[in-house]
Amino acid sequence: MEEHTASRKRARASDSQDATQPDAGPQPRGGDSAAVRDRDYWFEDGNIVLIARGVSFRVYKGLLAEHSSVFRSMFLVAQASPQPAEQSIDGCPVVYLDDAPEDLRQLFKFIFPLGTSIRLNQGPTINIDMLAALIRLDHKYELPSLHEQAISFLSKYYTTDFDAWVDGTNATHWRPQPIHAIVAIGIARLTNTLSILPAAFYQLATLPLEELLAGYAAPAGESGSMPTMTWRRLPQAELLLCLELRDALIALNIETAFSLFKAPTSPPSCTTRGHCAMYFRQLLEYAGQGELPHTLASSRALDSWLPNLEQEHAPLVFKHRSACRNCRSEFASREREMRRETWRKLPGLLGLIIGGWDEGAADA
């Protein structure tokens, strides 16, 4: 079992073999002529040249140093040790980095915005790979402000709050694709932000198996005029954990369905003289046959069961009848609480203890 902490402890390199890492490309370091100037981040009045894996960036060292104490120290060393003319470009000192050029571009979007200013609270400008790049670079260059914003962004979407998750208030500013949870899991492991994991694993566990196994293609930069891509996939250990969660969610979904739909009698407030109990049992049978929106054999155990009660999905035998208003109201209340119980079990199903998990409901 793992205990959740808010620590920003640096992970060892051997511990962080995760989906946040891009595939390493060739890393030329020889003559500067081998480096290609980046088409966006080469400022003619820049005062430092960074060369990363064959791509050169001419930027402003003062702005970089303002955001990163590591860059600040690097530039002080470069200034104290004047370089020969053949090791400078247009009089600018050259610093070699071993980072992916695409990661640096994502960082520079915030430090050297082009056109309009980019902020992390503007959802359309944000994507999971951008956040992963910022967090990877933070671990190397210490970018506390951007790190905190990126983690806050991820933690809001991959929430600990059941009501926020099912009502969609966690996604008011940003909604990544479900498959992007692959990268969110890598970030959670890298930064020890374990509260992200349950919701991220849940999203992956509800995907079609072929989509989960395939992963997704993310931009890795450019080769000439053509964009290059890298594939993000779950490491084997995380994949096995996800498949175990998938099986557990299916079992919980079935258990919830039987508890909800197979009541022996209607509640005392029922106005149909027992018809509603028979109606719900019939709905259970149709859900088991896969003929309703929320099926028994589904891993989407947090989805609402209420769509199964809609008239257009009702079995033909009850075409002109449905549950009475009192029974529907009682059912809606019970099914939400049962889904909340499933939510509360998520950390334990992953072998985690998350402090404050669904704490808002306990306080309500």
Side-chain angles (χ1 to χ4, degrees), residues 1-5 11-12 14-21 128 132 154-155 157-162 164-166 170 176-216 231-260 287-288 290 293-305 335 337-358 361:
M1 301 282 277
E2 298 182 67
E3 181 74 34
H4 169 62
T5 71
R12 298 191 304 271
S14 60
D15 293 337
S16 57
Q17 184 180 6
D18 56 56
T20 72
Q21 295 290 350
I128 192 73
L154 286 166
S155 297
Y157 181 76
Y158 297 103
T159 181
T160 64
D161 186 288
F162 169 78
W165 182 262
V166 300
N170 65 315
Q177 296 297 316
I179 194 66
H180 292 168
I182 289 175
V183 175
I185 288 170
I187 292 172
R189 298 295 193 193
L190 184 66
T191 62
N192 202 30
T193 313
L194 304 185
S195 61
I196 292 172
L197 290 174
F201 268 107
Y202 175 79
Q203 281 210 310
L204 293 179
T206 61
L207 289 174
L209 191 56
E210 60 274 14
E211 187 175 344
L212 171 63
L213 296 175
Y216 77 98
W231 280 93
R232 309 280 198 233
R233 295 186 178 92
L234 276 180
Q236 185 176 11
E238 307 286 34
L239 177 60
L240 291 175
L241 187 57
C242 188
L243 293 176
E244 290 174 1
L245 176 63
R246 180 189 181 92
D247 290 342
L249 288 171
I250 292 173
L252 283 171
N253 194 60
I254 294 172
E255 180 183 328
T256 298
F258 272 80
S259 297
L260 276 173
H294 193 157
T295 65
L296 248 62
S298 171
S299 60
R300 302 185 63 88
L302 296 176
D303 281 7
S304 175
W305 292 93
E335 72 95 37
E337 284 310 305
M338 294 187 77
R339 288 189 291 140
R340 187 188 300 278
E341 286 304 312
T342 297
W343 176 263
R344 288 172 174 164
K345 292 175 182 177
L346 280 181
L349 294 174
L350 295 167
L352 300 170
I353 298 174
I354 307 295
W357 184 259
D358 204 33

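Numbering of residues begins at 1 and proceeds along the displayed sequence. This is a predicted model, so every value here is computed, not measured.
With Tyr202 as the fixed residue, the side chain to side chain contact (heavy atoms under 4.5 Å, CB included) test singles out one of Leu350, Leu349, Leu346: Leu346. Test Glu341, Glu337, Glu335 against Arg339 for salt bridge (Lys or Arg N to Asp or Glu O under 4.0 Å) and you get one pass: Glu335.
Between the side chain of Asp358 and the backbone N or O of Phe162, at least one donor-acceptor pair lies under 3.5 Å. Remark: the backbone N or O of Thr206 is not paired with any side-chain donor or acceptor of Arg246 at under 3.5 angstrom. At distances below 3.5 Å, at least one donor-acceptor pair connects side-chain atoms of Trp357 with backbone N or O atoms of Trp343. Counting only distance, with no hydrogens or angles, the side chain of His294 and the backbone of Ser304 share a donor-acceptor pair below 3.5 Å. A donor-acceptor pair under 3.5 Å links the side-chain atoms of Ser299 to the main chain of Ala205, judged by distance alone.
Rounded to the nearest 0.5 angstrom, Leu245 CG and Leu240 CG are separated by 12.5 Å. One finds the NZ atom of Lys345 at 5.0 Å from the CG atom of Leu252 (value rounded to the nearest 0.5 Å). Here the straight-line distance linking atom CD1 of Ile254 with atom OG1 of Thr295 works out to 9.0 Å at 0.5 Å rounding. In this structure, CG in Leu194 is found 13.0 Å from OG1 in Thr160, a value given to the nearest 0.5 Å. Put simply, CD on Glu238 and CG on Leu197 are 7.5 Å apart, with the number rounded to the nearest 0.5 Å. Rounded to the nearest 0.5 Å, atoms CG (Leu296) and OG1 (Thr256) are 10.0 Å apart.
Between Ile185 and Leu204, some side-chain heavy-atom pair lies under the 4.5 Å cut-off. Put simply, the side chain of Pro347 does not reach to within 4.5 Å of the side chain of Ile353, judged on heavy atoms. Inter-residue side-chain proximity for Tyr157 and Gln203 is flagged as met; some heavy-atom pair is nearer than 4.5 Å. In this structure, Leu212 and Leu239 have side chains that are in contact, with non-hydrogen atoms separated by less than 4.5 Å. Between Leu241 and Leu243 there is no side-chain heavy-atom pair separated by less than 4.5 Å. Side-chain atoms of Tyr158 and Thr193, non-hydrogen and from C-beta on, never get closer than 4.5 Å to each other. Residues Asp161 and Asn170 form no side-chain contact, since every pair of their non-hydrogen atoms from C-beta on lies 4.5 Å or further apart.
Smallest separation of non-hydrogen atoms from Ile354 and Pro198: CG1-CG, 4.3 Å. When all heavy atoms are compared, the tightest approach of Ala181 to Ala200 is CB-O, 3.4 Å. In terms of heavy atoms, Ile182 sits closest to Gly215 at CD1-CA, 3.8 Å. Of all heavy-atom pairs between Ala188 and Ile196, the closest is CB-CB, 4.0 Å. Considering every non-hydrogen atom in both Ala301 and Asn253, the closest pair reads CA-OD1, 3.5 Å.
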Working for side chain to side chain contact (heavy atoms under 4.5 Å, CB included), residues Leu352 and Phe201: CA-CA 12 Å; Leu352 300 170; Phe201 268 107; over 6 Å; no
